[in-house]
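Here the structure is laid out as C-alpha cells; the discussion comes afterwards.
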Amino acid sequence: MRPAAAGEGRGRAVLADADPYRARRRVPPGRSPVSPAPGRMRHRLAGILPSLRLRLVVVFAVTALSAAVAVSGIAYWLNRDAVLTRTQNAALDDFRKMLGDHAGTLPPEPRCDQLRDAANAMADTTQTYEVLLIDEQPDGSPCAVTSDDGFTLDDVPRSLQEAVNEVRPLDQGNDAPYHLYWQRVTQDGTPYLVAGATVIGDGPTGYLLKSLEAEQDDLNSLAWSLAIASAFAVLGSALLAQAAASTVLRPVQRLGEAARRLGEGKLDTRLTVSGTDELAELSRTFNSAAASLERRVDDLSAREQSSRRFVADMSHELRTPLTAISAVTEVLEDEQDNLDPMIAPAVGLVVSETHRLSELVENLMEVTRFDAGTARLVLDDVDVAEQVMACMDARAWLDAVELDAPLGVRARLDPRRLDVILANLIGNALKHGGSPVRVAVRTEPAPDGGELVVIEVADRGPGIPESVLPHVFDRFYKASASRPRSEGSGLGLSIALENAHIHGGEITARNGPERGAVFTLRLPRHADRLAPEDADTDKGAEGPGADGHRRQDEGSGEESR
C-alpha cells in the first residue's frame, strides 16, 4: 500500500514542555495492506444478442453496475481515507506526546532499565501500540528495549530506519535535525502502522508499531456492504429493464404478429391504436398500409376473377360452334380426295386449323380449372409401365420410343392426368428431338420418407438453350420472336406441370450429358391424401374422357426450344 504522510520534530530532554515536532515528511512508499485500489471494469459484448428484450436488460444492468461500481468505489476510498487518516493521526499524535513526556525526560545516556520503564509507560495508552526505544549506554554499547518482546528492529523497514536516523542540515526551511516518519506495512497478512523519531539532544530513538487489523475488518465489512448494495442495484435495474422492455416490446410483438397474419393472407388484420407516441404512429402506419394492400389485392383479385371468368365463358361459348364446325370439317376431311384440286388445299387448311382451335379451347378450359382451383384427382391403382405403353400405343408411338419400364411398379394416381402428362412430354420430345426417344421408369425414396415414381423422357435433339430452360413451362412462351405461330398452343408443358403439381409431384427440364433434352417427372406413389373424399363423383367432369385425351396438345411446348 502507499504510505501516508509522516510527521517530523525535535525536542531536548530538559525541555519536556516544548513541542518538539514542527513538520511532517513522507517516507518512500510501500504497499498498503488494507485494500488495493479498484481497477476500472471493462464490459464487452462478445456478439450481437438475439433478443431485443435481452439487449435492454443487459444495457440496463451494465449501466447500473457501472454506476454502482463507481459510486461504491468513491464511497469506499473516501471512507478508507477517513478511517486510516483518523487512526493514523491519533496514534502519531499520541506517540509524539508520549515520546516528549517520557523519552524526552530521560537523562543523557540512560540505563537499559530506564529505557524499558519509559517504553512501557509510552505503550500504556489507549492507542494500543508497541514501543521500541534505542540508545547508547555509558560504555558505548547500544541498548534496545521494547514494551513487547514481539516488536524488534527487524520489523522496521530499512528505508524508515535510514530516514529516522538522518540528520538534516538546519536552514530557513528546516529548523530541526530530526523528523518523525511513518509508514504502513503488512506482516503475515496483517496491516501495521510503523513510525519513528529521534529525540533531539542525544536522546533515544523511538519506534511504534500499531496494528490496523480492526480498521481493515471495518473496511472489509464496508466493501461487502457496498458489493451487496451494487448487486441489489443491478438486480433492480434488471427488473426495471424487464418492465420497460415489456412496455416497449408488447406493441412491437403485436405488430410482428399482425405482420405475420398479413403475410398469411389475412388482409383484414388491423392493430388497436392508443396514445400518441412513436409506437402508436407506427401502428397507424401499419393499419394504413394494410388497408391499402387489402384494397389493392381485392382489386387485383376482382380483375383476375374477371379474366378467368372471361376465358371460361369464352371457351364454353366457343365449344358449341366448334362442335358444328368440327362436324363439317370431318365431312370435308372425308371428302377431301373427291374435291377439286384447287379447293383441296384450302379445305386441308380449314381442317387443320379447326383441329388446332379445338385443342386450344380444350386446353384453355383445362387451364381455367387449374386457375380456379376446381381441378380434382380421380385416383385409381395403375401399373405405371402399362400406363406408359397405353399412352404410346394410343398415339402410334411404340416404334419411335425406346421404353425401359419394368412391370409391377404400381401407384395410386389419376390415369387420365398421367396420360396427359406423358402425351405432352413424349410428344414434345418426338417433335423437337426426333426418334428414338427414350422413356425410363424407376422408383426412388421421397424426402418425406415415402416413395416416388420417376419417369424420365430423353431425346436426341439439339437440347434446350440455357436462356430458355427457366421458361419451358411458361404459358404461351415463344423461344423465338420470329416464330409467333406454331402447330401447338404453347400450353402443353404448362398443363403437364399443373397435372404433376395436383398429384403433389414435379417436372424438371435439363440438358443431357451428351446432347438432347431430358424431362423428369416425379410423382408420389400414393396421392390419396391429395384427392377429395368425393373424388369418384368427379370422374369425367373435367372435359375430355378416355378418348378425349387425344385432343390434349401433345406438342404444345415446342416453342420452348
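What you see below is based on every heavy atom in this structure, not just the backbone, and it leaves out hydrogens, waters and symmetry mates.
Residues V388 and L403 have side chains in contact (heavy-atom distance under 4.5 Å, counting atoms from C-beta outward). Using a 4.5 Å heavy-atom threshold, the side chains of V518 and N511 count as separate. Residues V457 and V437 form a side-chain contact, since some pair of their non-hydrogen atoms from C-beta on lies under 4.5 Å apart. F519 places none of its side-chain heavy atoms less than 4.5 Å from the side chain of T508. Considering only heavy atoms from C-beta on, E386 comes within 4.5 Å of L407 through its side chain. With a 4.5 Å cut-off on side-chain heavy atoms, R438 and V401 do not count as touching. In this structure the side chain of V453 never reaches within 4.5 angstrom of the side chain of R442, judged on heavy atoms. D380 has its side chain out of reach of L413: every pair of non-hydrogen atoms, C-beta onward, lies at least 4.5 Å apart.
Salt bridge absent: E466 and R510 never bring a charged side-chain N and a carboxylate O closer than 4.0 Å. Under 4.0 Å is where a charged nitrogen must lie from a carboxylate oxygen, and between R284 and E281 at least one such pair does. The pair D299-R303 meets the salt-bridge criterion, with a side-chain N (NZ, NE, NH1 or NH2) lying under 4.0 Å from an Asp/Glu carboxylate O. Ion pairing between a basic and an acidic side chain is recognised when a charged N comes within 4.0 Å of a carboxylate O; D381 and R410 show no such pairing. The residues R260 and E257 are annotated as salt-bridged, a charged nitrogen and a carboxylate oxygen being separated by less than 4.0 angstrom.
Here the straight-line distance linking atom CZ of R80 with atom CG of D218 works out to 13.5 Å at 0.5 Å rounding.
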Evaluation steps, salt bridge (Lys or Arg N to Asp or Glu O under 4.0 Å), between D419 and R395: CA-CA 11 Å; D419 185 83; R395 295 163 179 82; 2.9 Å; yes
For E451 and R525, what are the C-alpha separation, side-chain angles and deciding distance, and is it a salt bridge (Lys or Arg N to Asp or Glu O under 4.0 Å)? CA-CA 6 Å; E451 196 171 18; R525 292 191 69 170; 3.0 Å; yes
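Side-chain atoms of S230 come within 3.5 Å of backbone atoms of L226 as a donor-acceptor pair (strictly under, hydrogens ignored). Checked by atom type and distance alone, the side chain of S288 never pairs as donor or acceptor with a backbone atom of T285 at under 3.5 Å. Counting only distance, with no hydrogens or angles, the side chain of N499 and the backbone of I421 share no donor-acceptor pair below 3.5 Å. A distance-only check finds no donor-acceptor pair linking the side chain of H526 to the backbone of A411 [under 3.5 Å]. Between the side chain of D414 and the backbone N or O of L379, no donor-acceptor pair lies under 3.5 Å. Looking at D393, its side chain never comes within 3.5 Å of a backbone N or O of M389 through a donor-acceptor pair. Side chain of N428 to main chain of N424: no donor-acceptor pair is present (N/O by atom type, distance under 3.5 Å, no hydrogens or angles).
Checking each of L65, V59, V58 against V62 for a side-chain contact (heavy atoms from CB on, under 4.5 Å) leaves exactly one that passes, namely V58.
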